[in-house]
> 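Right, I'll just put the structure down here and ask away after.
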There are 2 protein chains.
Amino acid sequence: MKSRLKLLRAEHGLTQADLGERVGVSRQAINAIETGKFEPSLGLAWRLARHFGHPIEQIFDFSDELEGEQP
Amino acid sequence: MKSRLKLLRAEHGLTQADLGERVGVSRQAINAIETGKFEPSLGLAWRLARHFGHPIEQIFDFSDELEGEQP
DNA sequence: CCTGAAAGTCAGGTTTGCTTGACTTCTGTC
DNA sequence: GACAGAAGTCAAGCAAACCTGACTTTCAGG
């Protein structure tokens with residue numbers, strides 16, 4: 001999973017602590033997501049997407065993790 | 001959080017076990033999500049959304065959980 | 001060079017997403 | 001009414017998503 005979170009946050013001139021505060025998580029959580037330590041929950045992803053005014057899929061991209069999903 | 005998962009699954013004529021198999025989780029997981037026991041991870045939400053061809057926000061709706069997010 | 005703010009990292013702990021296995025309840029069909 | 005398949009539920013366990021608190025690294029300005 002790759003995210004555009006770091007980019008978006010920079011564009012909005014926010015610090016990790018700032019963003020964390022606004023979406024209700026710790027600054028370490030934001031940092032961990034940006035550095036790929038883990039993925040956000042659906043609720044957090046939703047709040048982040050809403051905060052930046054973008055759809056979730058446009059911020060968090062899983063399209064490189066296509067396994068056995070027979071179409 | 002309310003989801004349209006049960007509805008979409010019914011529209012596609014799938015059983016909980018079927019759907020679970022296609023997105024890579026157990027049938028109990030699908031059931032728990034449909035009955036509101038817990039929320040899916042972002043990865044699972046992404047796979048479900050992709051499987052039904054809808055954006056995540058259109059399937060899982062958090063808009064009733066708006067707390068202190070100063071716009 | 002110093003300082004301070006921001007970012008990054010680690011340990012330890014709690015909560016939640018998800019598993020398997022087993023059991024019960026609901027719904028239809030014969 | 002019996003049977004089967006689907007849905008629902010519970011317990012026990014593991015892994016991932018958070019938390020707090022503390023520490024180190026990076027880097028721009030004075």
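By convention in this document, chain letters (A, B, ...) are assigned in the order of the sequence lines, proteins followed by strands, and residues within each chain are numbered from 1. What you see below is based on every heavy atom in this structure, not just the backbone, and it leaves out hydrogens, waters and symmetry mates.
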> Of the nucleotides dG17(C), dA7(D), dT9(C), which has the atom closest to the N31(A) side chain?
dT9(C)

> Kindly point out which of dA17(D), dA7(D), dG8(C) is positioned nearest to the side chain of S41(A)?
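Among the listed nucleotides, the one closest to the side chain of S41(A) is dA17(D).
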
> Quick check: do E57(A) and I56(B) have side-chain heavy atoms less than 4.5 Å from each other?
yes

> Just how far, in rounded Å, is C1' of dA16(D) from CD1 of I33(A)?
12 Å

> Round to a whole Å and report the spacing from CZ of F38(B) to P of dA17(D).
14 Å

> To the nearest Å, how far apart are L19(A) CG and dG8(C) P?
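Between P of dG8(C) and CG of L19(A): 13 Å.
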
> Checking contacts here: which listed nucleotide (dC18(D), dA22(C), dG8(C)) is nearest the side-chain heavy atoms of A29(A)?
dC18(D)

> Can you check whether F60(A) reaches L48(A) side chain to side chain, under 4.5 Å on heavy atoms?
yes

> With a 4.0 Å cutoff (strictly under), does any side-chain N or O of T35(B) reach OP1 or OP2 of dA7(D)?
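Checking T35(B) against dA7(D): no side-chain N or O falls below 4.0 Å of OP1 or OP2.
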
> Return the nearest nucleotide to the side chain of R27(A); candidates are dG8(D), dG8(C), dC18(D).
dG8(C)

> What is the distance from CG of L44(A) to C1' of dT16(C), rounded to the nearest Å?
14 Å

> Kindly point out which of dA7(D), dG8(D), dA22(D) is positioned nearest to the side chain of K6(B)?
dG8(D)

> For a quick test of reading the model: is some side-chain N or O of T15(B) closer than 4.0 Å to OP1 or OP2 of dA7(D)?
yes

> So what does S26(B) hit on the nucleic acid, given a heavy-atom distance under 4.0 Å: a base, only sugar-phosphate, or nothing?
base

> Quick one: which of dC18(C), dC19(D), dT20(D) gets closest to the side chain of V25(A)?
dC19(D)

> Less than 4.0 angstrom from a charged side-chain N to a carboxylate O is my criterion; do E34(B) and R9(B) meet it?
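Result for this pair is yes, salt bridge flagged.
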
> Within the structure shown, what part of the strands sits under 4.0 Å from G24(A) by heavy-atom distance: base, sugar-phosphate, or nothing?
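Result for G24(A) = sugar-phosphate.
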
> Atom CD of E21(B) to atom P of dT19(C): distance rounded to whole Å?
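Going from E21(B) (CD) to dT19(C) (P), I get 12 Å.
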
> Within the 4.0 Å heavy-atom criterion, would you say E39(B) contacts the bases, only the backbone, or no part of the nucleic acid?
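Result for E39(B) = sugar-phosphate.
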
> What is the separation between atom CG on L14(A) and atom C1' on dA5(C), rounded to the nearest whole Å?
15 Å

> At what distance, to the nearest 0.5 angstrom, does CZ of F62(A) lie from CG of L44(B)?
10.0 Å

> Would you mind reading off the distance between I30(B) atom CD1 and dT19(C) atom P, rounded to a whole angstrom?
8 Å

> Within less than 4.0 Å of OP1 or OP2 of dG17(C), is there a side-chain N or O belonging to K37(B)?
no

> Kindly say if Q28(A) contacts the phosphate of dT9(C), meaning a side-chain N or O under 4.0 Å from OP1 or OP2.
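For dT9(C), OP1/OP2 do not have a side-chain N/O of Q28(A) under 4.0 Å.
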
> Tell me, do L19(B) and F52(B) make a side-chain contact under 4.5 Å, heavy atoms counted?
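The answer is yes, as the side chains (C-beta and beyond) meet within the 4.5 Å cut-off.
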
> Taking CD from Q16(A) and P from dC18(D), how many angstroms apart are they, rounded to a whole number?
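In whole Å, dC18(D) P lies 15 Å from Q16(A) CD.
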
> Kindly assign one of parallel, tilted or perpendicular to the pair H12(B) and H51(B), based on the angle between their ring planes and the thresholds 30° and 60°.
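The arrangement is tilted - the two ring planes meet at 30° to 60°.
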
